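Pasting a structure here, questions to come.
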Number of protein chains: 2
Amino acid sequence: MRPSRKPSNGTTKSLQAEREPLAAVIGGTELQIAYRMGYVLNFYREPSFRRIEMELGLTRPEIVTLIFLNFREGVTASEICEFSGHLKANISRGIIALEKKKLIRRAADKTDSRRQQLFMTAAGRALYARYIPALRERERAMLACLTRAERNEFERLLDKLAAHVPQWAALDEL
Amino acid sequence: MRPSRKPSNGTTKSLQAEREPLAAVIGGTELQIAYRMGYVLNFYREPSFRRIEMELGLTRPEIVTLIFLNFREGVTASEICEFSGHLKANISRGIIALEKKKLIRRAADKTDSRRQQLFMTAAGRALYARYIPALRERERAMLACLTRAERNEFERLLDKLAAHVPQWAALDEL
DNA sequence: ACCAGAAAGTCTCATATGAGACCATCACGA
DNA sequence: TCGTGATGGTCTCATATGAGACTTTCTGGT
């Protein structure tokens, strides 16, 4: 149990006593939308990932690398970095660890010997299959409060946001 | 510069060469919506927070604590935990560090001597004012691709999701 | 009034992570 | 062809974090 991580149902005495519940902080900071995204995503992602870390002995970069390889075999470390939000040093460590555990294998890229293409092994696929269902199910639970139409609209807006990331993410000044 | 963190504009040779760009991974994993949320949020949050960490010498729990105190003075550590996604040990360390730097002060709660209410000092407010504008501006840039109506709808959906978090977040089985 | 259990906060220890140096390979202009 | 800079990947070091034990204080039932 992680009491410090669990959101209150609003039944805690301290919260009831306050006129405006503390939960208002979710929309009350100066970062209205970003804070909400972080809040929801944290409660989705952290418990799931922690559990995978503990039960299967994987680090976050390792978990993410397997997810990438399930999507496309043959990707390289730097490509995983590009879309995962992990630093290349950590992905590199993760890949080395995954290979040591025989969950993936590496092959030098023919056209560029700096690169190495990554492939899942059967064991890797099996391990992936052990943790993905819980993540999927938790995502479903997270979205259960939306109607079908709302879910589609939410997805559409996220797509739009994701597509525009390159236009601002590189702005180091911000 | 963090090259490994920067999303490609799609102009990288390796990506162009592929029929389906690797960027399709954003919507191509088995976690359609959750992955997109993480992707967008990572590119918003990580660079900003890293910068604050480096330039102002604050840790993430410290940054978050100041954001909470700006929203409401007098909150306690456990309340910050509840809505921040940080473990109580880290918030505790953050609070101790913030007090040592004279950015906040603590006062024992009259009605419950286990608790301590937190308050910003003038220095804390000043430091907060130094990093919040960049976060706000980056949030604005992230959302710039949405129309006014889309932005409102996105916010509404996030509100709905956030409000329902307590209904599923505690399900440890997932 | 008491006791068992919960809650607030702090601490310790092991580990994952961030920053950046480093090496090898590649790309491209002179 | 050479040489300069960029890129892919690995390594080292310091630090932030996660897990969980621990203390003190509060709560609720008997």
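All of these numbers come straight from a predicted model, not from anything done at the bench.
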Residue closer to the 5' end of DNA chain C, Ala89(A) versus Thr111(A) (nearest nucleotide): Ala89(A)

Charged N to carboxylate O below 4.0 Å: is that the case for Arg72(B) and Glu79(B)? no

Map Lys110(B) and Arg60(B) onto DNA chain D by nearest heavy atom, then report which one ends up closer to the 5' terminus. Arg60(B)

DNA chain D: Ser113(B) or Ile95(A), which has the more 5' nearest nucleotide? Ile95(A)

Quick test of your reading of the model: are Glu53(B) and Arg50(B) salt-bridged, counting only N-O distances below 4.0 Å? no

OP1 or OP2 of dT15(D) versus the side-chain N and O atoms of Arg50(B): is any pair under 4.0 Å? no

Any side-chain donor-acceptor pair under 3.5 Å between Thr59(A) and Glu62(A)? yes

Please tell me whether Tyr128(B) and Glu30(A) have a donor and an acceptor in their side chains that are separated by less than 3.5 angstrom. yes

Could you tell me the separation between the CG atom of Leu87(B) and the P atom of dA14(C), rounded to a whole number of Å? 19 Å

By side chain to side chain donor-acceptor pair (under 3.5 Å), which residues pair with Asp112(A), not counting sequence neighbours? Arg114(A)

For the pair made of CZ in Arg115(A) and P in dG8(D), what is the distance, rounded to whole Å? 5 Å

Report the distance from atom CG of Asn90(A) to atom P of dT15(C), rounded to the nearest whole Å. 16 Å

Polar side-chain contact Arg114(A)-dA24(C) base: donor and acceptor under 3.5 Å: no

Given atom CE of Met54(B) and atom P of dT17(C), what is their separation to the nearest angstrom? 19 Å

Just call it for Arg93(B): base, sugar-phosphate, or nothing, with non-hydrogen atoms closer than 4.0 Å on any strand. base

Would you work out how much the helix from dA1(C)-dT30(D) to dA30(C)-dT1(D) bends between its ends, with each end axis defined by five base pairs, to 10 degrees? 40°

Between P on dT12(D) and NZ on Lys88(A), what's the gap in Å once rounded to a whole number? 16 Å

With a non-hydrogen cut-off below 4.0 angstrom, is Gln116(A) in contact with a base, only sugar-phosphate, or nothing? sugar-phosphate

Looking at every strand, decide which applies to Ile96(B) at a 4.0 Å heavy-atom threshold: base, sugar-phosphate, or nothing. sugar-phosphate

For Ala34(B) and Leu41(A), work out which heavy atoms get closest and say how close. O-CD1, 4.0 Å

Tell me: CG of Asp112(A) to C1' of dC28(C), nearest whole Å? 15 Å

Which pair of non-hydrogen atoms, one from Tyr131(B) and one from Leu66(B), has the smallest distance, and what is that distance? OH-CB, 3.2 Å

What is the distance from NE2 of His86(A) to P of dA16(D), rounded to the nearest Å? 20 Å

Determine the contact category for Ser92(B): base if any of its heavy atoms lies under 4.0 Å from a base atom, sugar-phosphate if only primed atoms, P, OP1 or OP2 are that close, otherwise nothing. base

Value in whole Å for how far the P atom of dG18(C) lies from CD1 of Ile52(B): 16 Å

